[in-house]
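Shown next, in structure tokens, is the structure this report addresses.
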Amino acid sequence: MSLTGTPFLYTLIALCVVAVALPLVLWSRVRGPKAVRAAGRVLMLLFAQGTAVALVFTMVNNSNQLYDNWGDLLGTSDHVHEAADLGASGTGGIALEKLPKVRQVFKPGKGPGMRSEGGVLVTQLKGRVSGVHAEVNVWLPPQYRDPAYRDHRFPVVEVLPGYPGSSKAWYGTMDAPEQLAPLMRSGQIEPFIIVSPRTTLLPGKDTGCANIPGKVNADSWLSVDVPKMVMDNFRAQAAPDGWAVAGYSAGAHCAAKLAVAHPDRYRAAVSLSGYNDPIGVPQSLAGKSPALRAANNPYVLLKESRVPPRVALYLSGQPKDGYEAALALRRIAKAPTTVNVVFIPSSAGGHTMALWKPQVVPAFRWLTEVMGSPGTRTAPGSGGTTPLAPSTVGSRHAELASGSASPAAAARRP
């Protein structure tokens, strides 16, 4: 039974009801010696407590989509079949254009948010370069199946969850398709293909989206294998101009790092509450040595780049949670690198999905500005940076979380 499935949740609810009923019905009916009666009653109490804890955990997990399956929860899920040394390029010297096309079989996705707005397609991909074997989810915009767009190629946004995090989170808890599809239909936001690959590849470890010979080639999985598969199976635009990467928390760190490290693969990145130095995350494999830290720190990569990369970065954060890291990147960025920093006040809430969900639409409006066709682009800078310390009096949570709260907006409310 799936950890995130409705049947499992309903089963736990039923067990909780039984756990409450058992003591009421059987407490005084337990027979036998005193020790046996005491043991029976203790077991009933433990059963009630266990089912209650399990139900609360499941509801929290479903809400935040932290663990996708039992293997992720128990630390038995390993998706790395090999981790060869692929060199600085992450390709191992393989001429990617000469590889045969990747043909995949897709099935309708299951789980929260996977059936909304046309549904999500899922496939199991065997990465030819990275040696990673894992699922990849693909959501197609409303225009994709429109006959008028049969010859149109669509830009792609690769979306990444935090750690721990499910590859379904952007479709479920973040509600990206439900938020974006109406705006895509009306032409306010570019019709992007949204791709979400698995990022939890090793049991109990955050890969930091790094290539570590002998352990994991997470970078090549995300920036080589997954994009090639998508471009081989869908009407997707070519890299780098047609590709962006977005993430929250650990996924935000990965998004900024992948874009800065591979401007030949990504045009833009969205980082929500990200960080630069992976050493701040104890489970991150990318923080285990000075060399790995430097190779996977977007600040170091940007600062030491001989030629500033042609990438656009959208970085949002709160004080002590992403904002300072974003400012550091903006300080050292040189053209053609552009950095758009969005300040989120502390009153918007903490490091949770409730903070990141309202930022989906503003982030995709910015992506439309950077990557969209002329008909959907807005005026340059219209998604711009909020003031350093905006007034938040009277502002709604969604406005605070999206960085759209302002003194003027607050003044219009009683």
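Excluded from the calculations below are hydrogen atoms, water molecules and symmetry mates; all remaining heavy atoms, backbone and side chain alike, are included. Owing to the predicted nature of the structure, the values given are computational and were not obtained by experimental measurement.
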Donor-acceptor under 3.5 Å (Thr51 side chain, Ala48 main chain):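 Such a contact is found between Thr51 side chain and Ala48 backbone.
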For [X], give me all partners under ring pair (Phe, Tyr, Trp, His ring centres under 6.0 Å), at least two apart in sequence or on another chain.
X: Trp139; value: none
X: Tyr266; value: none
X: His81; value: His133
X: Phe106; value: Phe234

Proximity of Tyr323 and Phe343 rings by center, below 6.0 Å: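 Yes, ring centres under 6.0 Å apart.
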Any side-chain heavy-atom pair from [X] and [Y] closer than 4.5 angstrom?
X: Val157; Y: Val195; result: no
X: Pro362; Y: Tyr314; result: yes
X: Thr368; Y: Phe192; result: yes
X: Val129; Y: Asn217; result: no

Working for side chain to side chain donor-acceptor pair (under 3.5 Å), residues Ser167 and Arg198: CA-CA 5 Å; Ser167 63; Arg198 168 177 279 272; 5.7 Å; no
Parallel, tilted or perpendicular: ring planes of His253 versus Tyr275, cut at 30 and 60 degrees: parallel
Side chain to side chain donor-acceptor pair (under 3.5 Å) between Ser316 and Gln359, intermediate numbers included: CA-CA 9 Å; Ser316 75; Gln359 298 185 58; 2.5 Å; yes
Residue pairs fulfilling disulfide bond (SG atoms under 2.5 Å apart) with at least one residue in residues 82-198, sequence neighbours excluded: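 Counting only pairs at least two positions apart or across chains, no disulfide bond (SG atoms under 2.5 Å apart) contact touches residues 82-198.
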Pi-cation contact, Phe154 with Arg235 (under 6.0 Å, within 45°): no
Where at least one partner belongs to residues 203-224, residue pairs that pass ring-ring contact (aromatic ring centres under 6.0 Å, His included), sequence neighbours excluded: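 Every pair satisfying ring-ring contact (aromatic ring centres under 6.0 Å, His included) with a residue in residues 203-224: there are none.
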